[in-house]
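So the structure is just underneath, and the comments pick up after that.
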Amino acid sequence: MSIQYDLQRVQIGGQVSMKVYDTGSIRNVVLLGHGGAGKTTVAESLCYVTHAINRLGSVDEGNTISDFDKEEKKRKFSISTSILPIEYKGEEGELKINLLDTPGYFDFVGEVEEAVSAADCAIIVVNGKSGIEPGTVKAWELCEENHLPRLFFVSNMDDDKASFRQLVLDLEKRFGKSVAPFQLPIRENEKFVGFVNVVKMAGRRFTNLNEYEACPIPDYVEKHLNIARSSLLEAVAESSEELMEKYFAGEEFTTEEIQAALRVNIKDCSIAPILMGSGTHVQGFNVLLQVIDKYFPSPKELEAIGVDASNGEHFTAHYNDAATLSARVWKTIADPFLGKYSLFKVCTGVLKPNSEIYNVNKEATEKVGKLYVLRGNTPIEVSELKSGDLGAVAKLSLTETGDSIAVRNAPILYHAPKLSIPYTYMAYSAENKADEDKLSTALQRMMEEDRTLQVKADPENRQSLLYGIGEQQLEVVSSRLKDRYNVSILLKKPKFPYRETIKKTVKVQGKYKKQSGGHGQYGDVVMEFSPSFNYDEAYCFKEEVFGGAVPKNYFPAVEKGIQESCKKGPLAGYPVVGVQAVLLDGSYHPVDSSEQAFKTAASMAFKDGFMQANPVLLEPIAHLEVIIPDSYMGDIMGDLTKRRGRILGMNALHGGKQQVEAELPMSNLYLYNTDLRSMTAGSGSFSFHFARYEQAPGDIQNIVIQEAKERETEEA
């Protein structure tokens, strides 16, 4: 079988441009799956068989259309989502399929979540040899959360170790009976040579790459074909009462009835078909395109949910060209070579070039120049974008990811992509001090592009912190900064926010006396320092002076001396908390005493008294929640114990998972993400928040004090 492609184009300003597609002729399809499962290869093959490209690239050679970034070529895996619009002539006319090729590694999950927010359906790519991996499960969970119709595409079927039968059983066991094989493989001499179409009950043998011809169904397939067919017919029967009656009456369904029922079931997520192919040999992609055409919904069948900003009421819009314009920005590209592009999904109306748009979030108007669709890193100009389509606008100054675009008198706010919160962080600085401003600007641009990347200032420890999903993401950021912006960044272990306090009560004198000709300086205080045990406040100040030994007008100066001393404790230079300071007595000089003198005297008393009052270091304690499959429970519990963690409880979750709650020192969570993934083969996730301060063990205290002394020596 050979499929013909009619690639119509329109001319704009003498340049070739992509045809404009109606809402019903668009499919927005996201490719999901574990890293290395073959998503980029599937995308490349689909582009190749639809003639979007004329040469098949490979990930190993670094010449695929979607992995165009230098880091992606170097590392041989996807880091950012690529948009690949392809055109396909199906049974009912020409389609535009917007493929969204996403990263598979969890450090770049923000890219995946943005793409899922723009998609209407998903292809979960599974490596036929590797089987179900953590990324497969994550992909399914994302589809469930977003109610995305989906199918499984089993790649690497040319590998003789790929067991389709076992994989189907594993998928059914993991995801339920909604999983339904639409094909069964035909193998000869250990080679993948064709497939059986379960819906049409027909054999197909590959001829030239993606093309195929009819062939008999092999005897050895019959048994499994009957099982697959029976499951499929049961699902079809359950889609309506009429078909259920026909099924129980023993009547055969027509192919048209089966296909119509499957379309309903796939759209409502009650069936997830399983297809197969080989990216290496470009096999199986005609059927994949046919299934996208026949069974995946167009935006015309769906709704966009938002809020009417004029009255705050819930708003539901059908994707409709005739309505006023509304759209949402689901991703931003801020590449110094490509430039800045805001990627839109048009929800209602038609977006046209050289027009004004109203940014509902910013309450500001911006000017749209040319309109594009991006194919990898190539912008293709279009004359307009209709409802449901994905496109790009260059050089919008105010508009950011998550913003909604509309007309001023009909302001609709759509939900921004829901992104994972970054919990991995490192301290950073410019390798060259002269590059600090340059680094700040470069990071700002990278944060426009990657919303899971965050920069936070930590003035207490005089450090800047770079947050991301994982260590690998931060490594990529470092490499991109050097390559794109010619600025080198130093990443290192951060200083943690320890605190200092005291454990016993002491009484001390602080006396400051200085004579330097003319008026001298004189301040004298007797103070008592004791623990208040209130670690939310640095100090509590009281005065119990009798007889005017220290005049009242100097009390604020004494408190000021205590306040300033608490900013940097005498033990290791960390802020002081939980101290009660009582002014008991003192003396003054009618000429030489001053506020500055009493402030200095109080500081002297504080430092002396603090070191006498059994000073200790307090460490920040985090409340941690870890979600893992049941099978890793023992490893996680053992690891948390090694990190000085206290297990607070466990909760069983659906899908064979457990939620473990624990408390442990925040310093022992440094790069925990890397270790957790290693222990759980990538399937564990975690979150944490600060809980309180607790006294650090003696050995930890000694290490922190020694590190503080070494830092002081370096800075001196």
Side-chain angles (χ1 to χ4, degrees), residues 26 28-32 39-40 43 65-69 71-72 78-85 98-105 107-120 122 142 146 148 299 304 306 326-347 351 357 359-362 366 368 371-380 382 385 388-405 413-420 422 444-454 468-469 473 476-477 480 484:
I26 295 168
N28 296 314
V29 184
V30 62
L31 293 166
L32 304 173
K39 297 180 296 300
T40 297
I65 188 171
S66 55
D67 285 357
F68 54 84
D69 183 82
E71 283 299 308
E72 293 175 318
S78 299
I79 293 171
S80 302
T81 293
S82 292
I83 307 96
L84 305 168
N98 290 313
L99 294 173
L100 302 170
D101 181 21
T102 67
Y105 292 102
D107 276 28
F108 310 103
V109 68
E111 293 281 335
V112 182
E113 290 163 335
E114 286 178 342
V116 165
S117 77
D120 302 319
L142 278 169
N146 293 274
L148 277 188
S326 70
R328 58 187 182 85
V329 181
W330 60 275
K331 180 177 171 59
T332 301
I333 295 175
D335 188 296
F337 307 116
L338 279 179
K340 180 182 175 182
Y341 286 92
S342 300
L343 274 55
F344 289 85
K345 182 174 188 178
V346 182
C347 299
L351 182 59
I357 55 173
N359 186 317
V360 184
N361 301 72
K362 304 291 191 300
E366 289 211 76
V368 169
L371 286 183
Y372 303 95
V373 294
L374 296 182
R375 179 176 286 149
N377 63 347
T378 304
I380 303 170
V382 290
L385 288 169
D389 210 347
L390 306 183
V393 174
K395 299 176 182 177
L396 294 180
S397 57
L398 298 175
T399 302
E400 300 176 319
T401 300
D403 285 353
S404 296
I405 301 302
L413 274 171
Y414 293 106
H415 300 301
K418 184 181 176 184
L419 302 182
S420 295
Q444 190 61 43
R445 288 178 181 168
M446 293 185 78
M447 286 188 290
E448 287 179 17
E449 194 168 19
D450 184 353
R451 308 291 281 192
T452 62
L453 196 65
Q454 295 178 8
I469 300 297
Q473 181 188 15
V476 167
V477 167
R480 277 181 167 172
R484 292 181 174 185

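Below, all heavy atoms of this structure are taken into account, side chains as well, without hydrogens, waters or symmetry copies. By convention here, the first residue in the shown sequence is residue 1.
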What distance separates [X] [atom1] from [Y] [atom2], expressed to the nearest 0.5 Å?
X	Y	atom1	atom2	result
S342	I333	OG	CD1	9.5 Å
I405	L413	CD1	CG	10.0 Å
E114	E111	CD	CD	5.5 Å
R480	R445	CZ	CZ	15.0 Å

When you compare the side chain of [Y] with that of [X], does any pair of heavy atoms fall below 4.5 Å?
X	Y	result
P103	I79	no
F344	L385	no
I357	L351	yes
V30	L148	yes
I26	D120	no
K395	K340	no
D450	M446	no
S326	Y414	yes

Where the side chain of [X] meets the backbone of [Y], is there a donor-acceptor pair that is under 3.5 Å apart?
X	Y	answer
N98	I83	no
T332	E400	no
N146	L142	yes
R328	K345	no
T102	V112	no
E72	S80	yes
T452	P422	no

Point to revise | Residue pair L100, L390: steps toward the side chain to side chain contact (heavy atoms under 4.5 Å, CB included) verdict | key: CA-CA 10 Å; L100 302 170; L390 306 183; 4.0 Å; yes
Exercise for review: Name all residues meeting the ring-ring contact (aromatic ring centres under 6.0 Å, His included) criterion together with Y341; count only those two or more places apart in sequence or in a different chain, and write none if there are none.
Suggested key: Y372
Distance-minimising heavy-atom pair for [X] and [Y]:
X	Y	answer
W330	A115	CZ3-CA, 3.9 Å
P417	G402	CD-CA, 4.0 Å
S82	F68	OG-CE2, 3.7 Å
V476	E71	CG1-CG, 4.3 Å
L32	A122	CD1-CB, 4.0 Å

Review point. Please walk me through it: do T399 and K362 pass side chain to side chain contact (heavy atoms under 4.5 Å, CB included)?
Key: CA-CA 8 Å; T399 302; K362 304 291 191 300; over 6 Å; no
Review point. Would S78 and F108 satisfy side chain to side chain contact (heavy atoms under 4.5 Å, CB included), going step by step from the backbone distance to the final call?
Key: CA-CA 9 Å; S78 299; F108 310 103; over 6 Å; no
Check your understanding: Can you check side chain to side chain contact (heavy atoms under 4.5 Å, CB included) on V393 and E366, steps first, answer last?
Key -> CA-CA 11 Å; V393 174; E366 289 211 76; over 6 Å; no
Check your understanding: Any chance the side chains of D101 and T40 put a donor and an acceptor closer than 3.5 Å?
Key -> yes
**Study point:** Option passing side-chain contact (heavy atoms from CB on, under 4.5 Å) with L343 (candidates T81, V329, L374)
**Key:** L374
Review point. Got a salt bridge between E449 and R484, using NZ or NE/NH1/NH2 to carboxylate O under 4.0 Å?
Key: yes
